[in-house]
2 protein chains.
Amino acid sequence: MERTPRQRRNPRREAPPTAAIGLRPGRASKPDQAPIRARGLDRAVEIFQLLHALRKPIAIGEIARRLKAPRSTIYEIVNLFLAADILEYAGDGSEVFFGRAIYLYANDYNATHAIVRLGHEEVRRLATLTGETVQLCMPVGNKYAVVAMQNSARLFRIGSDVGVLVPIPWTASGRFFVAHMSLAELRAFIPPEDFRLQDGRSLDPRKFLAEARAAREAGVCTIAGLIDDYATCIAAPVVDHKGHCLACICFIVSSATGRKRLAELSSLLTASARHLSAVSEED
Amino acid sequence: MERTPRQRRNPRREAPPTAAIGLRPGRASKPDQAPIRARGLDRAVEIFQLLHALRKPIAIGEIARRLKAPRSTIYEIVNLFLAADILEYAGDGSEVFFGRAIYLYANDYNATHAIVRLGHEEVRRLATLTGETVQLCMPVGNKYAVVAMQNSARLFRIGSDVGVLVPIPWTASGRFFVAHMSLAELRAFIPPEDFRLQDGRSLDPRKFLAEARAAREAGVCTIAGLIDDYATCIAAPVVDHKGHCLACICFIVSSATGRKRLAELSSLLTASARHLSAVSEED
DNA sequence: GTTGTCTGTCCGATATATTGGACAATTGAT
DNA sequence: ATCAATTGTCCAATATATCGGACAGACAAC
């Protein structure tokens, strides 16, 4: 009577009310002026995001400075997390960073999400098979992140590293993450500044959405010169049973790659994506 | 002037004031009687620990029930974490679990900790080389966790899975984590119930500490019949420059294994541990 | 139909967590 | 030696986050 497993009570609910993954969500619309109190939990999330953005240990006092938070508060929170091994002392004596508990939690995450586990394998397989650079990407908040990557020997240097958050419009993969949205939803979801590409060009949301829908129809998306002028990105979506995009697997190849080769890679990719979609079902 | 990297300000500070990784740290010494208010942050940590203990998605209401916390509070906290992708909806509609952000944070953790990255490799290498089961373990709070494991084909079933927290006295590896402590520190550090082994026997803290110190001297520790009657555990410590034990790498072999073979494995293990100790220096 | 149990949201009241400041101890630079 | 900038801890005051309870809607069982 207690452990009765229920089924989806609240059918329409995909995204939580507030979407915030970027730094400093802030409660007031004005750039924090009034010395309002912030809640410890909000501060905690900000600390995580700051550490992730830095990707290296940082002094506790420095956290307070960057977050514009009282030192005493940050010490309080950090000490709590240190006690739980969610944060750890790292680097030279007085710096902190993510701790072991986070590692274990991520392990649990992987265990329940077949995509991540199997996606890694597929990335490796495709990379050794083709010699190209392969990535597995997943949406995170209103950005997306490279979750696994295998670099090809031949290609120079890839813009994004594993784990960093990238604006959705910047890549072919991003198309699939938003293909189900209306224009209004899209505008609300993606921060305006993310439509400004790395080379300075601005992307029209309307055009972006059209591309996204076309990509969704085609099942693959090939875009040249998005990451940089000499790279072409080919992406295919991993979808759940409702057709919603959970992840993308993609090649990053030289823009000089011939049509025939591109078609070859495309079909490899869609096969992989279909495979992952199938096995990801038993979540 | 701003980014001046400082060196260890507070030389003697290894463990945070309060050590708590077990469930329900609780603030009052009495088993929570008075309906005192709990802080959101404490609740947050409890939620993480609960999810980790369950290792599968759970309904939000159920979290509140198990934590004996008000539903409204848990909803508030969980929704905040959902917005930050630290938690995610998973399983059937109304359940939550660790989210993508945790995965990314763990990635950052790995990047800064050479031990974890290289430890995985060593585990794989030793496993394929010897055909035995190999584990990498690290302390987490007052327990320890298997961080990486490669199962041998031959051995039946290993008691501990990757990620689960195990009492320190239960394994050979545990010896190294406490070898530097005094008896009083040891008693304060390890929960009394952890000295009761799986088979019901109780381990004397004094004897345990003596074993630990002997193990530290020897550089390896071989103990039979601890996990179960038919398994022997051989462990070697990965230490930092101060000689403090950061992790253990260990074999789990059949108790029928001959002396010569055990010696062979021991020397392999110590070599691996030394190697990891060396490369882990540039933290 | 009714009943019981669940989810997700909202709302005052009050217990308290956050805050800003002050503190001693440490470090590096001058 | 003196200075300026750190770290880590402690404290009392007050802005507010937590709590408990109530709510509507969904689902299953009967």
Side-chain angles (χ1 to χ4, degrees), chain A residues 1-18 27-28 32 34-47 57-83 87 89 91-96, chain B residues 1-18 27-28 32 34-47 57-83 87 89 91-96:
Chain A
M1 190 210 277
E2 196 199 31
R3 274 281 59 220
T4 326
R6 297 310 188 93
Q7 308 268 355
R8 46 186 59 262
R9 293 318 185 85
N10 196 350
R12 200 213 17 65
R13 189 255 306 102
E14 285 295 313
T18 59
R27 266 223 289 309
D32 45 7
I36 48 167
R37 270 192 193 196
R39 170 162 78 156
L41 281 168
D42 290 322
R43 289 264 138 87
V45 171
E46 288 180 51
I47 290 172
I58 180 178
I60 303 178
E62 180 66 12
I63 297 177
R65 209 168 308 132
R66 300 218 188 186
L67 257 33
K68 295 198 181 70
R71 255 160 25 89
S72 48
T73 304
I74 300 300
Y75 268 97
E76 171 80 17
I77 298 172
V78 167
N79 279 331
L80 178 69
F81 282 146
L82 284 172
L87 298 181
Y89 286 109
D92 44 21
S94 61
E95 296 185 326
V96 296
Chain B
M1 191 210 279
E2 196 198 33
R3 274 284 58 220
T4 326
R6 296 309 184 95
Q7 309 264 359
R8 46 187 60 259
R9 292 320 184 85
N10 196 350
R12 202 212 14 67
R13 191 252 308 98
E14 284 297 310
T18 59
R27 263 221 293 305
D32 45 6
I36 48 165
R37 272 191 191 195
R39 180 161 70 155
L41 280 168
D42 290 322
R43 288 266 139 85
V45 172
E46 287 180 50
I47 292 173
I58 180 178
I60 302 178
E62 180 67 13
I63 297 177
R65 209 168 309 131
R66 300 217 188 187
L67 258 35
K68 295 197 181 71
R71 253 157 31 85
S72 48
T73 304
I74 299 300
Y75 268 98
E76 170 80 18
I77 297 172
V78 167
N79 279 330
L80 177 69
F81 282 146
L82 284 171
L87 298 181
Y89 285 110
D92 43 20
S94 60
E95 296 185 326
V96 296

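Nothing here was measured: the structure is a model prediction, and the numbers come from that model. Below, chains carry the letters A, B, ... as their sequence lines are ordered, and counting in each starts from 1.
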Engineer: Do you know which two heavy atoms are closest between B:R71 and B:G61, and how far apart they sit?
Structural biologist: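 Looking at all heavy atoms of both residues, the closest pair is CG-CA, 4.4 Å.
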Engineer: Measure the distance from CG on B:D42 to C1' on C:dT18 and round it to the nearest whole Å.
Structural biologist: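 From B:D42 CG to C:dT18 C1': 14 Å.
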Engineer: Specify the residue among A:Y75 and A:G40 whose closest nucleotide of DNA chain D lies further upstream toward the 5′ end.
Structural biologist: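 On the 5' side of the pair lies A:Y75.
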Engineer: Would you indicate which nucleotide in C:dG20, C:dT7, D:dT7 comes nearest to any side-chain atom of B:A59?
Structural biologist: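 Nearest to the side chain of B:A59 among the choices is C:dT7.
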Engineer: C:dC6 C1' sits how many Å from B:I58 CD1, rounded?
Structural biologist: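 Rounded to the whole Å, the gap is 14 Å.
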Engineer: Find the distance B:L87:CG to C:dG8:C1' and express it as a whole number of Å.
Structural biologist: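 B:L87 atom CG is separated from C:dG8 atom C1' by 16 Å.
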Engineer: Given C:dT19, is OP1 or OP2 found less than 4.0 Å from the side-chain N or O atoms of A:T73?
Structural biologist: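 Yes, such a contact exists.
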Engineer: Does A:R43 place a side-chain N or O at less than 4.0 Å from the phosphate oxygens OP1/OP2 of C:dT19?
Structural biologist: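 Checking C:dT19 against A:R43, a side-chain N or O does come within under 4.0 Å of OP1 or OP2.
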Engineer: Could I get the full list of side-chain contact (heavy atoms from CB on, under 4.5 Å) partners for A:P70, not counting sequence neighbours?
Structural biologist: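 Per chain and number, A:P70 pairs via side-chain contact (heavy atoms from CB on, under 4.5 Å) with A:R43, A:S72, A:T73.
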Engineer: Nearest to the side chain of A:S72, heavy atoms from C-beta on, is which of C:dT7, C:dC10, C:dT19?
Structural biologist: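 So the nucleotide nearest the side chain must be C:dT19.
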Engineer: Write down the distance between CG (B:L67) and P (D:dG20), rounded to a whole number of angstrom.
Structural biologist: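 Answer to the nearest Å: 14 Å.
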Engineer: Taking atom NZ of B:K68 and atom CD of B:E46, what is their separation to the nearest 0.5 Å?
Structural biologist: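 Between B:K68 NZ and B:E46 CD, I get 10.5 Å after rounding to 0.5 Å.
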Engineer: Could you point out which residue of A:I47, A:V78, A:N79 forms a side chain to side chain contact (heavy atoms under 4.5 Å, CB included) with A:V96?
Structural biologist: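 Exactly one option meets the side chain to side chain contact (heavy atoms under 4.5 Å, CB included) with A:V96, and it is A:V78.
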Engineer: Grab the CZ-P distance between A:R65 and D:dA5 for me, whole Å please.
Structural biologist: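 Nearest whole value for this atom pair: 11 Å.
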Engineer: Taking all non-hydrogen atoms of both residues, which atom of B:F81 and which atom of B:A44 are closest, and how far apart?
Structural biologist: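 The pair with the smallest heavy-atom distance is CE1-CB, 3.6 Å.
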Engineer: Nearest to the B:L41 side chain among C:dT19, C:dG8, C:dT18, which nucleotide is it?
Structural biologist: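 Given the options C:dT19, C:dG8, C:dT18, the side chain of B:L41 is closest to C:dT18.
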Engineer: Kindly point out which of D:dT6, C:dT9, C:dT18 is positioned nearest to the side chain of A:E76?
Structural biologist: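 The answer is C:dT18, which lies nearest to the side chain.
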Engineer: Separation of A:N79 atom CG from D:dT9 atom C1', in whole Å?
Structural biologist: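 These atoms are roughly 10 Å apart.
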Engineer: Mapping A:G61 and B:I74 onto DNA chain D by nearest heavy atom, which one lands closer to the 5' end?
Structural biologist: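 With A:G61 and B:I74 compared, the 5'-side residue is A:G61.
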Engineer: Quick one: do A:E76 and B:R39 satisfy side chain to side chain contact (heavy atoms under 4.5 Å, CB included)? Show the steps, please.
Structural biologist: CA-CA 12 Å; A:E76 171 80 17; B:R39 180 161 70 155; 2.6 Å; yes
Engineer: Which pair of non-hydrogen atoms, one from B:I77 and one from B:G40, has the smallest distance, and what is that distance?
Structural biologist: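 So the minimum-distance heavy-atom pair works out to CD1-O, 3.7 Å.
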Engineer: Under the side chain to side chain contact (heavy atoms under 4.5 Å, CB included) rule, what do B:E95 and B:I60 come out as? Steps first, then yes or no, please.
Structural biologist: CA-CA 6 Å; B:E95 296 185 326; B:I60 302 178; over 6 Å; no
Engineer: Wobble G-U and Watson-Crick pairs count when both distances are under 3.5 Å; given that, what is the 5' to 3' dot-bracket string of DNA chain D, with | for pairing to other strands?
Structural biologist: |||||||.||||||||||||||.|||||||
Engineer: Could you state the NZ-C1' distance from A:K68 to C:dG20, rounded to the nearest angstrom?
Structural biologist: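 Interatomic distance, NZ of A:K68 to C1' of C:dG20: 18 Å.
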Engineer: Mark yes or no for a side-chain to base donor-acceptor pair under 3.5 Å between A:R71 and C:dG20, with no hydrogen or angle criteria applied.
Structural biologist: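 Checked by distance alone, the answer is no.
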Engineer: Counting only side-chain nitrogens and oxygens, does B:R39 get under 4.0 Å of the OP1 or OP2 atom of C:dT18?
Structural biologist: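 Affirmative; the distance criterion is met.
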Engineer: When the distance from CZ of B:R66 to P of C:dC6 is rounded to whole Å, what number comes out?
Structural biologist: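 Checked: the CZ to P distance equals 13 Å.
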